[in-house]
Every structure is written in C-alpha cells, then in structure tokens.
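Letters A, B, ... are given to chains in the order of the sequence lines, protein chains preceding strands, and every chain is numbered from 1.
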Number of protein chains: 2
Amino acid sequence: MRKKVTINDIAQLTGVSKTTISRFLNDKYEGMSGETRQRIDAVIKELNYRPNRQARALKSQISSMIGIVVVDISNPYTSRMVKGIMDRLKNTQYHTLIMDSDLSQEREQKNVNKLLDEQVDGIVIQPLGKSSTDYQALGTNVPVVQIDRYVEPLIWPAVVSDNFVQSRNLAKLFLEKDYQRIIVVSPPIKYASPRINRLKGLLNELVNTDIEVKQVITTEIKDVVARNEEIWEQLKVYIKGDAKTAIYAFNGGLLYGLIKIFKEKNILIPEQVGLVGYDDGAFADLVSPGITSIEQNPVEIGYQAADKLLEQIEGKESLIELTCVDSKLNIRQSL
Amino acid sequence: MRKKVTINDIAQLTGVSKTTISRFLNDKYEGMSGETRQRIDAVIKELNYRPNRQARALKSQISSMIGIVVVDISNPYTSRMVKGIMDRLKNTQYHTLIMDSDLSQEREQKNVNKLLDEQVDGIVIQPLGKSSTDYQALGTNVPVVQIDRYVEPLIWPAVVSDNFVQSRNLAKLFLEKDYQRIIVVSPPIKYASPRINRLKGLLNELVNTDIEVKQVITTEIKDVVARNEEIWEQLKVYIKGDAKTAIYAFNGGLLYGLIKIFKEKNILIPEQVGLVGYDDGAFADLVSPGITSIEQNPVEIGYQAADKLLEQIEGKESLIELTCVDSKLNIRQSL
DNA sequence: TTGAAAGCGCTAACAA
DNA sequence: TTGTTAGCGCTTTCAA
C-alpha cells in the first residue's frame, strides 16, 4: 500500500504553491497562466492524484454525503425507493451513506446520530418513531425528507404513497362485489402512517354500511414472504363461509404469505375467500388467479424525495408538506 | 442551524486542554483524575457534544467507512446481500457507503474512484468487469472482497454461490426426467462468472449425452419481472413438442418473466414444457404448479464477505480464495 | 498571476 | 495527572 499522493506533492513537483493547485482543483482558472494550468494538469495525471475528500469536507464544511435511514433494506419496496434516490443523485456530487434500522427504534436513533457525526449534508428517513418529537437530534439542524412513512407534527417534508385514496378504491370494489366481511391483515397499525391511512381509507367508505371490518395483527415481518402459522391461527376462524369474506393484506410479504397459506390449505380464491393487498414485489399477477392488488411506485418516491432534499440543501425555500405519489390498483381475479 | 459544538468548546468549559478531552473521547482514562473525568462527562452531556468524524478520520487515517459497489440495488437478491453485510457490521465502528453501478461499467469505475476519494477502509464489490485488470484503481491499495461475481485473475477473495454444483444437480434432474432439449435463458453469459459456472455445471453433466442445449440470450434485465416480448420471440421456436424440452432461467427476473409468458400463452407446465431456474425472490412456490428452483443465500454471502473484509482491515493474513456459499435446490412440480 | 499563512476539528508525541 | 504543539490534507483570505 504505497503512500498516498497529496496536494503538497503536486505543488512541489509542479513548482507552484498548493494554493494554485487548490484553485486548479476547484476549476478557478481566472488569472492562471495557461502554462501553469497545463503543467499542473500533467503532473496530476502523471501521479494519478485524487484529492482527499475528508480533508476537503473538513475545511469546506460540505461532506457531499447524504444519509439514508431505512427500516429494512432487504425489503424490495425499500430497496427500490433507495434506487430512486440514488438514481437522482448520480449526477450530483452527493453519495449515500445508508443505514438500516432493522425494525428497531433504538438502532434508528443510533443511525441518525451516526449520520450527524459524519456531517451528512442531508438525511432521507423512513421513520419508525411515533412522533417527530422522538427525533430531537435531527431538529432543524440538517435538511430532512421523510419517505414512505411520516411522523407528526410534520416538521419535515414527506413523500409517501396515496394510501388513503387507494384503500378507498378497494373499499368500493368490496361494495360492488357484495362482500360482507373484510379482514385486514397487517403488522401493528397504530404508529405507522401508511397503515393508519390505509385503514382510514377503508373505513371511510364502509362507514354507514353493515360490512364488518376485522383486524388480524401480526408481528412486524422481515421476510419477503411472511411465515404461515402465526397468521393462519388468527385467520382461520373467519374462513367459514358464514359471510362473504375478503382478506386485505397491508403489505407484500403478508400478501404472498397468504397466497401460500391458501394454496397449502386448498382454499379457493375467490370462491371461498377474496384476497387483495399491497404488492411490494409485483408478483401478484404471476399466480392463478391473478390477485387484485395495489402496486406502489417506490422509485418515484425516491426521485421526489431526492429532489426535495437537494432543494433544501441548496437553500431554496421548500414547503413542509405531504406529497402523495400515485399507486396503481390492478384489478385481477381474486375478488 | 446553530453552531456546532467542538472539542475546543468542551475544553474551555471544563477548564482542561483538548488533549484531555480527546483522551476522554477515546476511553484513555489511565492517569486521569476521577474528578476531571466526571466534569468532562457532565459538560459533554450538557452541550450534547458529539465528535466530528471527518476531523477524526482525517487525523487518524481511519474513515470507519466501508464502500459497497453493487450492480443494481433494486434487485432483491442484491439488497439481501447488502443486508447481510450491514447486519455483520452493525456492532462495529463501520458504516456503509453504497454505490449503485446500474449495470454500467463506466459508472462502476467512477464509483470505485469515489469510494477511494472518501478514503474508505475497505470495499465490497460485485464486479461488472471482465478481468481484475479492469480495476487498476483498486490494485492492492485497499482491502477488497468480491461478492456474487468475481473477476480473474483472482487478486481479492470472493464469496459467491455454488453455481457449478447446483447447476449440475439440475442437469441430473433433466436426465432423470428424460428431457431431450434444455433451453438456457440468460443475459449475456460470457463475462459474468455465475452465469459461466452455471452453464459449465450444466454442460459438465450433459456432455456425452444426446441432450441438446440451446441458449436464448436476453439483454441485461433491470426489472424484477422480465419483460415478455423479447424473450418469447426467441423462445417460441423451441416450444413445439418435437422434443421434450425444459427451460432453465438463469435469474429470478427471467424466471418470473417466463412464468408470466407461459401463463399468458396458456402453455402448460410441465406438460408442454418444463421450467426451472434461479429464484431470487423466493416466490417460486407461490405459483401453481410450484416451480423447481434454486434459491441462493445472499444474506450468508453478505455475512461472509463482511467477515473477510474485517479480517483484512484488521491486518490478519487472509487467503485470496473463492468461497462458495450453499444454495438450495427446491424440487417442486415444474419438471 | 501566484503565494504565505491560518485554520477546519481532531489525535498523539513529547514534555512537564 | 495534564498540557503544548505539530500536523492530517485541504480551502481561502489577504497580500504581493
């Protein structure tokens, strides 16, 4: 591991001061002789010199790093949001420092602090907390954008899916098809804004009807396809044919888990039970019958979040608002 | 955005020198009076001081950052490898700077250079290149581990799936079931080590038989489910019933794309054609019939890569070798 | 057209 | 038990 070339080496070899080299590096050519410029250029290429970003960052107070805090990077929905962010950042000076909270609020706190320690220029976060007051460290010290989830009171912009609207659309379908009982299958709803809004959208449409809405609450799932047993135990009491029933899975892992369960138990969809849900993996049309599902647009969420963050970093006034990105309701044969 | 607290502020307020503060920060308490220690502790907590990592890194020449370069972060297989790495790193001092090459070798080069500019302490790379000579910048300047793919000559350790072995197992299945023609569906094989080894494993077993092996080469796919048209055009000539034929998809996106095609075209599996492949999403048993598939263990690849990288960083002698992580052949009903 | 010098926030050798 | 000082690699003000 040979010694790293520094700005001093270049200065010495070219016979100019490091100030001049620095100017060169920062494209400040006004009043620099063409000859000097060429000589510097030659030596830099010769030695394959690349400026040390840490030193630059320390002095300039610009790290060129953006922190991303996600709940679980192995979730395909999440990794596509991240892709969107990175895609938008690829032609800027910014890199992404990605932290995975692995569904733990404690880790999330640590992650936020670590990012601040690294002097990131901005943070994109998919928050696990219950309230924005849980994020004292963030405060208004650094530009922040929330994705997928948001915490209130809303002190940073948020880019999320149109959960309320699509859930209402789904409710209309339930009505059309004369379902009498809807079973929502979801991890704990209380503190996760998308789930809250999905439930609200559903209930908003079904209030004043005699459709029964039940909840089956699972643990937070980490698997791409949720494990069976836990869910089935709670669910089976509702699959009895006494009322026309549809299951509504609040995320892809659960939806796929349910498909698997029903396949194993030989329960026919939609004859014995209807099945719909969020389709994080875009696989809902591979099975037979195709599953009516809501497909979000995580890449677009990433795009918009990155744009908003860059605006903030560049000091533009940007509104602290909730931006909803359209999802798509794919009607198939499972209702 | 109030001014950041620095080590100097803490020194002033406690009335000791910043050396002492530095010692405190680095847990060097030998010969520090309990009183001083407590006072420092109090002031740090009071001001909520957190050391600037950039400054620390600059001085200590340890960035505590590990770079990860992946081909496409939105691929579920990839994001699970990343998860494995992060999981292993979570109780260390290291953070992950993740770069997405988006299937472009040009971007990959830039990514590597950017990581070096950031003075990362090590790099995990899923290489896109054709040869390790394509990575001059890396050389032996920094600890490197390859994942999923590897480039030769092997100058850095690599952790990959047991592609050859599982492909051979699949070939044995083809033999057992008397298939006469195998169609490999894959993006370009020539420079991607996993694909090369899968093909080799297959051919190794089928040599000296009269089984015909054909290739349908697609463009590199970026979608979780590959698009239909392109593949079908090439494929349809082989689905004619003149020879018992099986399709072997070399990655999950293609496998899912094929399932979709056959569903749309009403082609029966396994009656009209057999279908097997790599299952990056773990969805192959959701469809009917269940698809015989190879499921890799990307998280484990991540674990082992992280371990090997940490070893190198800590200066332990580690062998430059190829490590194969077991995948699982799930035999279902599609052959 | 170029350079000297100070300093970003921290660490560590050496001194006291 | 603690402090002085130099310096990591760069940027930038001010001067020449």
Query raised in the report: Between A:R53 and B:T36, who's closer to the 5' end of DNA chain D by nearest nucleotide?
Result: B:T36

Report task. In sequence, state the C-alpha distance, the side-chain angles, and the governing distance for A:Q109 and A:Y135, and then conclude on side chain to side chain donor-acceptor pair (under 3.5 Å). Result -> CA-CA 8 Å; A:Q109 281 303 324; A:Y135 299 84; 5.6 Å; no

Touch check for [X], heavy atoms < 4.0 angstrom, all strands: base, sugar-phosphate only, or nothing?
X	value
A:E30	nothing
B:G15	sugar-phosphate
B:Y49	sugar-phosphate

Whole-Å distance separating the [atom1] atom of [X] from the [atom2] atom of [N]:
X	N	atom1	atom2	value
A:Q12	C:dT2	CD	P	18 Å
B:D9	C:dC10	CG	C1'	13 Å
B:Q54	D:dG7	CD	P	23 Å
A:N52	D:dC8	CG	C1'	9 Å
B:K4	C:dG7	NZ	P	21 Å
A:K18	C:dT1	NZ	P	24 Å
A:I62	D:dT11	CD1	C1'	11 Å
B:Q61	C:dC10	CD	C1'	12 Å

At less than 3.5 Å, do the side-chain atoms of [X] and the base atoms of [N] form a donor-acceptor pair?
X	N	result
A:K59	C:dG7	yes
A:T19	C:dA4	yes
B:S60	C:dA12	no

**Report entry** Polar side-chain atom of A:W156 near backbone of A:V151 as donor-acceptor pair, under 3.5 Å
**Finding:** no

Query raised in the report: Has the side chain of A:R107 got a donor or acceptor atom that lies under 3.5 Å from a matching backbone atom of B:K90?
Result: yes

[N] phosphate, OP1 or OP2, under 4.0 Å from [X] side-chain N/O:
X	N	value
A:T20	C:dT1	no
B:T6	C:dG9	no
B:R56	C:dT11	yes
A:Q119	C:dG9	no
A:N26	D:dT11	yes

Query raised in the report: To the nearest 0.5 Å, how far apart are CG in B:N111 and CE in A:M86?
Result: 8.0 Å

Report task. Give the C-alpha distance, both sets of side-chain angles, the deciding distance and a yes or no for side chain to side chain donor-acceptor pair (under 3.5 Å) between B:S64 and B:Q93. Result -> CA-CA 6 Å; B:S64 300; B:Q93 63 178 308; 2.9 Å; yes

**Report entry** Position toward the 5' end of DNA chain C (nearest nucleotide), B:K28 or B:L58
**Finding:** B:L58

Query raised in the report: Between B:D72 and B:S74, is any side-chain donor less than 3.5 angstrom from a side-chain acceptor?
Result: yes

